[in-house]
Amino acid sequence: MTLDDQRYMAHALTCAAKGQYTTDPNPRVGCVLVKNNKIIAEGWHKRAGCGHAEIEALKKTTEAEGATAYVTLEPCGHQGKTPPCTEALIRAKVARVVIAMQDPNLLVSGKGIKKLQQAGIEVCCGVLEQDAKALNKGFIKRMQQGLPFIQSKLAMSLDGRTAMASGESKWITGADARQDVQRLRAESSVILTGIKTVLADDPSLNVRLDELVLQPIRVILDSQLQMPITAKMASLDSECWILSCSPDKAKKQALELAGFKVYILPEKQGRLDLKSVFLFLGKQQVNQVLIEAGATLNGALLEAGLVDEWVVYMAPVILGNQARGLFHLPTLQTMADKKKLSLQTIRQVGVDIKLTFLVI
């Protein structure tokens, strides 16, 4: 691995990021073709069903023979919706393929590399691997564990409050933080909330950006099928799923007639079993979930240890001791019960501070 390898792979990762809002359920992948120390073509996967990054790059040049291909994910060696990328690289007679990371699907991992090597192509793997993994954390987790990457977004005051006692919460954070949340939404496959949030706020939970975005699926956890058929989500174009454990067939039918998709999942003590919820979403090829919910659901998720990353926007305001907190955690009674978090990043977004945490 050389400094040039790192430089060209960084460019391939930049290409891959261009598909950040559109490739679901496929991974974000970029490819750069280099010959005589010069980029001759580049490509990225735009959306499911479109050409893979390697194919898009190869289409743009007739001089790929003897070139080096920099690819952010191991080229596929199997027939899917599109032909194998390994065959296209072999036909183009590239001399070398530099790969950021192997395919996380254990059933095919390493097979693309092996095909390239059998064709006499030099392969180097692991260049800027961590950067490539960060770009596809949801896809990787789903391939390896059958679960999506789960991220919860919270907005709070300096004293850790999310809303006034009355429920009023618009707006704790400033415009820049709210715009940053739109990007979190756009990166996600699903935006998930609980029925209490819907009944209180009637949110749309769609992405509002002036960019090409594949709108995430909205998912509502609604154990008793309380969702109003007149909710805003019913009138929007992108899909809205209701996950429930209610046996009420009449309510289910009424919601389906209103345009919702209703799925009945296992229950636990009268409520949806949260682990079953995310396993179900994984089976639906959901890579990344953004939770936008209240203290009850976030408390249950924290208690169950299901969230991979907590994103907290902290505003320089005070709401007082009567205001509502971040988490409803009645089981925490002593200091020994406390939940520990590890701060990963901190940055200023407008007047607010954005913090990301992992649970220890």
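Linking ILVMFWY side-chain heavy atoms closer than 4.5 Å, directly or via other members, places Leu154 and Leu184 in two distinct hydrophobic clusters. The hydrophobic clustering, which links ILVMFWY residues whose side-chain heavy atoms are closer than 4.5 Å, places Leu297 and Phe357 together.
Other cluster members for Ile242: Ile191, Ile195, Val198, Leu199, Leu205, Ile220, Leu225, Met227, Ile229, Met233, Leu255, Phe260, Val262, Ile264, joined by side-chain heavy-atom distances under 4.5 Å among Ile, Leu, Val, Met, Phe, Trp and Tyr. In the hydrophobic clustering, Leu58 connects to Val29, Leu33, Ile40, Val71, Leu73, Leu89, Ile90, Val94, Val97, Ile99, Met101, Ile113, Leu116, Ile121, Val123, Ile140, either directly or through intervening members, whenever side-chain heavy atoms lie under 4.5 Å apart.
Considering every non-hydrogen atom in both Val207 and Pro216, the closest pair reads CG2-CD, 3.5 Å. Minimum heavy-atom separation, Ala163 to Ala323: O-CB, 3.0 Å. Shown here for Leu209 and Ala186, the closest heavy-atom pair between the two residues is CD1-CB, 3.9 Å. In terms of heavy-atom proximity, Gly325 sits nearest to Ala295 at O-CB, 3.6 Å. Taking both residues in full, the closest heavy atoms of Val307 and Leu301 are given as CG2-CB, 3.8 Å, listed atom of the first, atom of the second, then distance. In terms of heavy atoms, Tyr313 sits closest to Thr173 at CB-CG2, 3.9 Å.
With hydrogens and angles disregarded, a donor-acceptor distance shorter than 3.5 Å links the side chain of Gln348 to the backbone of Gly350. Looking at Arg218, its side chain does come within 3.5 Å of a backbone N or O of Glu239 through a donor-acceptor pair. Distance alone, capped at 3.5 Å, is enough to place a donor-acceptor pair between the Lys141 side chain and the Pro148 backbone. Side chain of Asp180 to main chain of Ala177: no donor-acceptor pair is present (N/O by atom type, distance under 3.5 Å, no hydrogens or angles). A donor-acceptor pair is defined here as one N or O able to donate and one able to accept, closer than 3.5 Å; such a pair exists between the side chain of Thr193 and the backbone of Glu292. Using modelled atom types, one side-chain atom of Asp308 and one backbone atom of Ile150 make a donor-acceptor pair closer than 3.5 Å. Side-chain atoms of Thr22 come within 3.5 Å of backbone atoms of Lys46 as a donor-acceptor pair (strictly under, hydrogens ignored). Listed for the Ser276 side chain is no donor-acceptor partner under 3.5 Å among the backbone atoms of Leu272. For the pair Asn298 (side chain) and Gly294 (backbone), a donor-acceptor distance under 3.5 Å is present. Using a distance-only test at 3.5 Å, with no hydrogens or angles considered, a donor-acceptor pair links the side chain of His45 to the main chain of Arg47.
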Could you go step by step and tell me if Asp352 and Arg347 meet the salt bridge (charged side-chain N to carboxylate O under 4.0 Å, His left out) rule? CA-CA 9 Å; Asp352 305 306; Arg347 71 179 178 91; over 6 Å; no

Passes side-chain contact (heavy atoms from CB on, under 4.5 Å), Phe149 versus Leu290? Steps please. CA-CA 9 Å; Phe149 184 88; Leu290 179 66; over 6 Å; no

Take Lys18 and Glu211 through the salt bridge (charged side-chain N to carboxylate O under 4.0 Å, His left out) test and state the conclusion after the steps. CA-CA 11 Å; Lys18 293 179 181 181; Glu211 298 177 44; over 6 Å; no

Residues Glu65, Lys35; criterion salt bridge (charged side-chain N to carboxylate O under 4.0 Å, His left out); working and verdict: CA-CA 9 Å; Glu65 184 174 351; Lys35 192 171 183 179; over 6 Å; no

Between Lys275 and Leu306, does the side-chain contact (heavy atoms from CB on, under 4.5 Å) criterion hold? Intermediate values first, please. CA-CA 8 Å; Lys275 183 66 176 289; Leu306 289 169; 3.8 Å; yes

Are Asp4 and Tyr70 close enough, and set up right, to give a side chain to side chain donor-acceptor pair (under 3.5 Å), and what steps lead you there? CA-CA 11 Å; Asp4 279 342; Tyr70 291 87; over 6 Å; no

Glu74 vs Lys111, salt bridge (charged side-chain N to carboxylate O under 4.0 Å, His left out): CA-CA, chis, key distance, verdict: CA-CA 9 Å; Glu74 178 183 355; Lys111 291 184 178 179; over 6 Å; no

Evaluate side chain to side chain donor-acceptor pair (under 3.5 Å) for Trp44 paired with Glu42, printing each intermediate quantity in order. CA-CA 7 Å; Trp44 61 92; Glu42 62 185 47; over 6 Å; no

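Atom SG of Cys76 and atom CD of Glu87 lie 9.0 Å apart (nearest 0.5 Å). Distance CG/Asp159 to CD1/Ile318: 4.5 Å, rounded to 0.5 Å. Put simply, NZ on Lys38 and CD on Glu63 are 8.0 Å apart, with the number rounded to the nearest 0.5 Å. For the atom pair CG of Leu332 and NE2 of His328, the computed distance is 10.5 Å after rounding to the nearest 0.5 Å. To the nearest 0.5 Å, the span separating OG1 on Thr356 from CD1 on Ile346 amounts to 9.0 Å. Note that the CD atom of Glu56 and the SG atom of Cys85 stand 10.0 Å from one another [nearest 0.5 Å].
Below 30°, between 30° and 60°, or above 60°: for Phe280 and Tyr263 the angle between ring planes is between 30° and 60°, a tilted geometry.
Crowding of Leu3 atom CG: a count of heavy atoms from other residues, nucleotides or ligands under 6.0 Å not exceeding 12. Atom CZ of Arg7 is surrounded by more than 12 heavy atoms from other residues, nucleotides or ligands within 6.0 Å. Environment of CD in Gln253: sparse, with no more than 12 heavy atoms of neighbouring residues, nucleotides or ligands closer than 6.0 Å. Dense packing is recorded around NZ of Lys60, with more than 12 heavy atoms of other residues, nucleotides or ligands lying under 6.0 Å away. Applying the 6.0 Å contact sphere to CG of Asp337 captures more than 12 heavy atoms from other residues, nucleotides or ligands. Counting non-hydrogen atoms of other residues, nucleotides and ligands closer than 6.0 Å to NZ of Lys137 gives a total above 12. Counting heavy-atom neighbours within 6.0 Å of Lys339 NZ, excluding the residue itself, gives a total above 12.
Annotation: side chain of Arg185 is in contact with side chain of Arg208 (closest heavy-atom distance under 4.5 Å). Phe278 is listed as a side-chain neighbour of Leu192, based on a closest heavy-atom distance under 4.5 Å. You'll find the side chain of Met9 reaches within 4.5 Å of the side chain of Thr72, heavy atoms only. Looking at heavy atoms from C-beta onward, Phe139 lies out of side-chain contact with Gln288 at the 4.5 angstrom threshold.
Donor-acceptor pairing under 3.5 Å is recorded for the side chains of Glu303 and Thr331. Between the side chains of Asn287 and Ser189, no donor-acceptor pair is found at a separation under 3.5 Å. In the model, Ser204 has no side-chain atom that pairs as donor or acceptor with a side-chain atom of Asn206 under 3.5 Å. Defined by atom type and a distance below 3.5 Å, a donor-acceptor pair is present between the side-chain atoms of Ser342 and Gln344. Neither side chain, Asp103 nor Ser109, offers a donor N or O lying under 3.5 Å from an acceptor on the other. Counted by atom type alone, Arg28 and Asn136 present zero donor-acceptor pairs between their side chains at under 3.5 Å.
Remark: of the listed residues Leu326, Leu302, Leu355, Leu302 is the sole one forming a side chain to side chain contact (heavy atoms under 4.5 Å, CB included) with Trp310.
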